[in-house]
Amino acid sequence: MKKRAIHWFRSDLRLSDNTALHALEKDLHETAECVAVYVLSDPDEGKWASGAASKWWLYHSLTSLQEDLKELNVPLVILSGVASEVLSRFAQSIKADSLYYNCRYEPWASKQEQAVEKELEKIGVECASFHDGLLIEPANLLNKTGGPYKVFTPFWNACLAHFDRHGIALPKRKFGKSIKGIKFDTIDYSNKSFKQDLDDLHMIPRIKWYEGMQEFWQPGEEGARKRLLHFVNKSITKYDTGRDRPGDSDVSYISPHLHFGEISARQIWHRALEHDCKSARTYLREIGWRDFAHYLLHFFPETPDEPLQKTFESFPWRTDNGSLEKWQQGMTGYPIVDAGMRQLWHLGWMHNRVRMIVASFLAKDLLLPWQRGAEWFWDTLVDADLANNTLGWQWTAGCGADAAPFFRIFNPVLQGEKFDPDGEYVKTWVPELAKLDKKWIHKPFDTPPLELQMAGVVLGENYPKPIVDHSAARQRALQALKSTK
DNA sequence: GTGTCTTTATG
DNA sequence: ATAAAGACA
């Protein structure tokens, strides 16, 4: 009897080194068939359904995947709705016997997986789930007292010890190489009512704010592979110091590819270690932060909304929509902050050093709830990832997993001068300041009038005056912290 | 108990 | 030079 298996693509939009997909391939007999499906499951994801920039990426990533699968004669069927319902209907209508998928680690995803398994069991479809997206499975790693780690370095040391003992699986080749004679002509998809056309799902906005993104990114597995190769060949040996300079391009730009699973963490691990240098290990440590973020989200599923440290529940955050908007628009009057926010709008991406600076500015200088910042990032980042976004924002707000003994308040001027010493980054994204000397470019509000005039800058007219005084704002933030103790 | 760690800032 | 704290082995 013919077997028909479904691979349910989720955040694993690639054909190489895909754990569930390779398990499916292995289980297929020569006469068996396989079908791929993606479910746009906004109802399951609720508040954390993909934002606008992520949807743009997803559309192109799925298009790319569809083309790659076409070469193997495997259709990628797009469904939309509650996953347990649409997958159940789909499996029934094509008479599938099994469903393969890789796990996700978001709180909504575990519920989704349970619901899918329950519905499919009812109709006799066997489900097979796999761990695939992380270097380490969260449940496999606890500290000596049996609890989850809350500090990165001990976590990462324990990971490295684990990798030493068990290794990290070598990446598997591309799916489909070993399957002969697959034919899919027994199902006519053209008249199936459940089938959605990718173009009917409103993933591409009507207003073309994505042109900058389109120029810079190539969503999909091939784009991911190219990015990584370019980084490993050009920049990885400089990463140790280069990663902190947002004006240069010595970072990997791999985050959106990694979020959508167009490349696996294992592939990155092995590729990076072809250069066994300090810089490569620093880079892999950053990949470790990604694992740590997912690990924390697994053990603390309420953290996208609530602070990890309970004392912060009484923190006196302000409400100030005017300031929030100025921050979003990149009109705070602090050049490094504004440059970051404008880069985000243009590319759907921001350099990580600058993410910390703008986040510190929102939470500490403006005293606005970190959740407001996280929501803006969620909508505008192409790499928006619930685990990474949550960890990042909580870390900067001071209520998350950070081992520092002090209340971290970034000084936007010092950060700019330290990490963008020539002002290249600011000049790129805040062109109205491009003629300012690097001595002044991070602090136009302290620049002598003559210098401003020569650079054609009129504060309050073509570049904003600062919306807060950093020194005063810093004192206010320290007072706010004190009030919670 | 002791040592280590921690993407900072101000004076 | 000094501020300030807790997790972890």
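We name chains A, B, ... by the order of the sequence lines, and we start the count at 1 in each one.
Here the two rings, on A/Phe419 and A/Tyr425, have centers that are 6.0 Å apart or farther.
Side-chain atoms of A/Pro154 lie closest to C/dC8 of the nucleotides B/dT8, B/dT10, C/dC8. Side-chain proximity of A/Lys150 to C/dA7, B/dA9, B/dC5: nearest is C/dA7. When distances run from any side-chain atom of A/Leu414 to the nucleotides C/dC8, B/dT10, B/dC5, the shortest one goes to B/dT10. Closest to the side chain of A/Lys144, out of B/dT6, B/dA9, C/dA9, is C/dA9. Here the nucleotide nearest the side chain of A/Arg474, chosen from B/dT10, B/dC5, C/dC8, is B/dT10.
Under the 30°/60° scheme for interplanar angles, the aromatic rings of A/Trp345 and A/Trp376 are found to lie parallel. Between A/Phe312 and A/Phe315, the two ring planes are parallel [angle under 30°; tilted spans 30° to 60°]. The aromatic rings of A/Phe231 and A/Tyr239 sit perpendicular, their planes meeting at an angle over 60°, well past the 30° parallel limit.
Neither OP1 nor OP2 of B/dA9 sits under 4.0 Å from any side-chain N or O of A/Asn411.
A/Trp289 comes within 4.0 angstrom of a base, heavy atoms only. At the heavy-atom level, A/Tyr149 lies under 4.0 Å from the strands shown only through sugar-phosphate atoms. As judged by a 4.0 angstrom heavy-atom cut-off over every strand, A/Gln309 is placed among residues making no nucleic acid contact. A/Asn352 comes within contact range of at least one nucleobase, with a heavy-atom separation under 4.0 Å. Looking at heavy-atom distances under 4.0 Å, A/Arg353 makes contact with a base. As judged by a 4.0 angstrom heavy-atom cut-off over every strand, A/Arg285 is placed among residues touching the sugar-phosphate backbone only. No contact: A/Phe152 has no heavy atom under 4.0 Å from any strand.
Counting to the nearest Å, the P atom of C/dA9 and the CG atom of A/Asn143 are 5 Å from each other. One atom, CZ of A/Phe299, and another, P of C/dA7, lie 17 Å apart when rounded to the nearest Å. The distance from atom CD of A/Gln415 to atom C1' of B/dA9 is 10 Å, rounded to the nearest whole Å. When the C1' atom of B/dT8 is taken as reference, atom CZ of A/Phe407 falls 12 Å away, rounded to whole Å. Taking atom CG of A/Leu478 as the reference point, atom P of C/dA4 lies 11 Å away to the nearest angstrom. As rounded to whole Å, 13 Å separates atom C1' of B/dT6 from atom CG of A/Asn157. Atom-to-atom, CG of A/Leu481 to P of B/dA9 comes out at 16 Å; the value is rounded to the nearest Å. Counting to the nearest Å, the C1' atom of B/dT6 and the CZ atom of A/Arg408 are 6 Å from each other.
Nucleotides B/dG1 and C/dA7 place their P atoms 15 Å apart, quoted to the nearest Å. Between B/dC5 and C/dA4, the two P atoms lie 22 Å apart (nearest whole Å).
The partner of C/dA4 cannot be assigned: no Watson-Crick or G-U wobble pair with both contacts below 3.5 Å exists in any strand.
Checked by atom type and distance alone, the side chain of A/Gln394 pairs as donor or acceptor with a backbone atom of A/Leu308 at under 3.5 Å.
The side chain to side chain donor-acceptor pair (under 3.5 Å) test with A/Ser16 is passed by exactly one of A/Arg225, A/Lys174, A/Gln267, A/Arg173: A/Gln267.
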